[in-house]
Amino acid sequence: MEENLVIVESPAKAKTIEKFLGSGYSVKSSFGHIRDLSKKSLGIDIEGGFLPDYLVSDDKKKVVSELKSLAKKADMVWLASDEDREGEAIAWHLKETLNLDDKKTKRIVFHEITKTAILNAIENPRNVDMNLVMAQQARRVLDRLVGFELSPVLWRKVKPKLSAGRVQSVALRLIVEREREVQSFVAKSQYKIEGIFNPDEAKTSVKISAELNEKFETEKQARGILEKCIGANFKIVSIEEKEAKRTPQAPFTTSTLQQEASRKLGFSLNQTMRTAQNLYESGFITYMRTDSTNLSKLALWAARQTITELYGKEYSKTRQYATKTKGAQEAHEAIRPTYMSNMEIEAGTQEKKLYSLIWKRAIASQMADASIQKTEISIGTDSIKQIFLATADRIKFDGFLKVYIESKDDESADEDTNMLLPALKLDWPMYMVTIKATEKFSQKPARYTEASLVKKLEELGIGRPSTYAPTISTISQRGYIIKDNRPGQERQFRELKLEKGTITSKTLTETWGTEKNKLFPEDIGILVSDFLVENFDSIVDYGFTAKVEESFDKIAEGKLVWNEVIAQFYKPFHEKVEETLLISRPTNAERSLGVDQKTGKSVFVRIGRFGPLAQIGESDDPDKKFMSLGKGQLIETITLEEALKLFDLPRSVGTYNDKEIIAAVGRFGPYIKYNGGFISIGKDNDPRTIDLDTCKMLIDAHVKKEAERLIKEFPKEGIEILNGRFGAYIKKGKNNFKIPRGTDPKALDLEGALKLIEKGGKSKK
DNA sequence: CAGTGAGCGAGCTTCCGCTTGACTT
């Protein structure tokens, strides 16, 4: 029998396809790209027409040698990597690396993992598309040149180990610029006027809440309206009814899955992708890194069956969604359940939750529109020209809403307007219960979450489904940004209330600006981003990727030559790199805050060897003092007062058992020092204000925990068994060793401990 | 784990996209 070797990118895909193809076909995976430029050096011959030097990566050597020997034995090798730029390149690299003969090599593609699609692909093979491969090569070479020339500029001018690139530097810039918008934002307030009315004079029937169709700048104006409403006769001046329909969202792509998992389940990007990977490997969902909203015919049919069965025929509506995303390559289907009828699965808690979200979204996308009746009632009086508006939505047919409601990014999403309106008629009198004027502040621009940043990047066509999560991890690891929570601030607002013919007023307090899991720039990130914008504005331009993508498309169409495109980009870019290396350090590293009244010395903030710091006294002052900036403090925004406060630490809190307690902030956060030891005091305590009693409590708790720490020791061998953060472990010298689950640490003898140390030592290698 | 805020200068760092495990904390 003829031997066929089919090579795909993912091992889970290989398993599924093997089942479809049956005997005579062996399906293997390349595990993504098998070759790349050298990790250590540039790997590009710039003088020689930008020729790349590809190497088989260390972790791919085994896969490549396996595929080589299988290919040798096979009568035909089918290169079935994804149908996009990267997939085409993988096919070509396989052909080159495995030394495949043209006569026994065929290139096939399919967008969905169904039997029909695969058999159809086998019937319609083609050759490797070299134009598309060269487009990928241009993309790869450009990214390497940008990354490996810009990063060293940062090492020289800012700090070692920093990085810059076509994607990450734009992501960083977005965060830095959004932070500036937030910082420079000044909230304006307006008075919003709301009335509660009742169609029944006894005021016993349902209350109707309505908002005045005008807002006011000042309290005086608002009060004027309320005054005119005293004793006024209100009536219904219009009733309008409108039919509206709502249409379901497309099934998930990587980006929309990340956004919804973040909003609805509170998952981080990494959590979402790890969980989705688990679902994919278990065969529960289709591939999770996709930019396509397309569903296979099979899936559409299965969705129709499932919806009809569960909710009835009138709930089913088969739709295909067009992908709007810039630069989408649509090599895969949308993310959907493998079996649409499978509403629930047996898996881990997170997996179950994410699966349910995917199922609902995919099913809802194939359901009928919801039909909504909107009623708008206007209530007016002769004494004011404005009117009060009450709106109510009534769902006439729920359609897809039966299954899925998309959430919004907007935190202050409108409250439920699903008020039930009683039967009302034009000109009917309405009786006022209360009218309230409340001072409302305008909303500051929203800081990015991981997911909303991905959404923005996708809109700009920057990055790919496989890189969204890693890109954000990279800029975090470089110390450019931090995902953080920040407490809100209190502010006062005014409220006027008209009730029973009199107006009362009061000042109330609200908390605003509380941030949870938002992305904030760090000082070093601001510095790097400003430096890049100043010197390499064309690279960190939001339209740069879109522009080069146009050239890549032309290379793919055979209208441009890849290395000519690169040469044209490289010459001015490299000149700018050389020029930037000659200029001095970035200038915005230091900011002068003013003079310290106590000492008469100047106060500065700048980035030092170990991060941002405040300094009292000029650099030539032998008595100059330093303190690190605290959490959430930025060089750009810190005030003189805040900077001076840093020098209140370390501070003596008092004595306990005749020993002094010192409170301070260290590398790992706030701590107290007592009796030669350090105790972390956590986020909830401020070292500037912590009192003696709290310190004593913390010390006692610490001493108790220390006493419980040591379970057992073998002093002669220098081995200790200790209780740690993750449970009991063995400590020998500076090394820690795991104790397997099910072993009682108290019962462990020397022999057992030594065995575990030996085992641990081996696994380390 | 809990300092530091200098500067002789070796040798190192880094990109984006495609894939999974193999690791420790």
Side-chain angles (χ1 to χ4, degrees), chain A residues 8-14 29-44 57 59-60 63 81-82 84-91 93 136 139-156 159-169 274 277-278 280-281 287-289 329 331 462-468 470-471 474 477-478 539 545 604 606-615 619 624-628 650 662 664-673 676-681 724-727 729 735-738 760 763-765:
Chain A
V8 295
E9 293 180 37
S10 148
K13 203 166 159 179
S29 144
S30 75
F31 293 81
H33 274 294
I34 51 157
R35 284 203 308 190
D36 193 15
L37 304 170
S38 151
K39 276 199 158 50
K40 298 271 167 211
S41 62
L42 187 66
I44 297 166
S57 346
D59 54 335
K60 293 293 162 58
V63 180
S81 44
D82 298 344
D84 58 15
R85 204 162 60 202
E86 298 297 326
E88 202 67 21
I90 289 174
H93 281 299
Q136 191 275 345
R139 199 279 305 154
R140 181 68 191 94
V141 167
L142 178 103
D143 282 337
R144 170 55 68 94
L145 290 170
V146 169
F148 273 39
E149 294 219 2
L150 277 190
S151 300
V153 176
L154 296 178
W155 305 342
R156 293 269 295 277
K159 216 174 95 170
K161 295 190 183 179
L162 297 180
S163 63
R166 173 177 59 83
V167 173
Q168 60 167 287
S169 297
R274 205 172 35 238
Q277 177 90 30
N278 291 342
Y280 168 66
E281 283 173 10
Y287 196 57
M288 64 281 151
R289 289 186 277 261
Q329 309 200 5
I462 299 172
R464 303 278 312 133
S466 67
T467 59
Y468 293 137
T471 298
T474 299
Q477 272 167 21
R478 300 279 174 271
I539 307 284
T545 291
F604 307 92
R606 63 182 173 91
I607 294 183
R609 175 86 169 74
F610 302 105
L613 63 94
Q615 176 181 336
S619 293
K624 61 182 182 289
K625 287 194 294 186
F626 303 95
M627 281 302 289
S628 289
I662 308 275
V665 179
R667 199 148 68 96
F668 306 100
Y671 68 96
I672 53 175
K673 206 164 140 186
F678 297 87
I679 304 164
S680 180
I681 62 175
R725 229 171 6 132
F726 310 104
Y729 66 100
N735 296 322
N736 297 340
F737 302 90
K738 262 192 280 196
S763 73
K764 234 167 216 169
K765 197 108 198 271

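Basis for what follows: all heavy atoms, side chains included, without hydrogens, waters or symmetry-related copies.
Salt bridge status for D36(A) with K60(A): absent, with no side-chain N to carboxylate O gap under 4.0 Å.
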Any chance you could encode DNA chain B as dot-bracket? Rule is Watson-Crick or G-U wobble with both distances under 3.5 Å; [ ] for pairs crossing earlier ones, | for another strand. .........................
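For the side-chain contact (heavy atoms from CB on, under 4.5 Å) criterion with I90(A), the lone passing option out of Q136(A), R35(A), H33(A), R85(A) is H33(A).
Using a 3.5 Å distance cut-off with no hydrogens or angles, the side chains of R289(A) and S466(A) do not pair a donor with an acceptor.
Within 6.0 Å of atom NZ in K624(A), more than 12 heavy atoms from other residues, nucleotides or ligands are found, so the atom counts as buried in its surroundings.
In this structure, the side chains of S151(A) and S163(A) come closer than 4.5 Å at one or more pairs of heavy atoms. Within the 4.5 Å cutoff, side-chain heavy atoms of R606(A) are placed close to those of L613(A).
Whole-Å rounding puts the K159(A) NZ to dG7(B) C1' distance at 16 Å.
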Candidate pair K159(A) and R478(A), rule side chain to side chain contact (heavy atoms under 4.5 Å, CB included), full reasoning: CA-CA 11 Å; K159(A) 216 174 95 170; R478(A) 300 279 174 271; over 6 Å; no
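One distance of note links CZ of R464(A) with OG1 of T471(A); it measures 12.0 Å at 0.5 Å rounding.
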Reading nucleotides 14-21 of chain B 5' to 3', which nucleotides get B (base under 4.0 Å from a protein heavy atom), which S (sugar-phosphate only), which -? BBBBBBS-
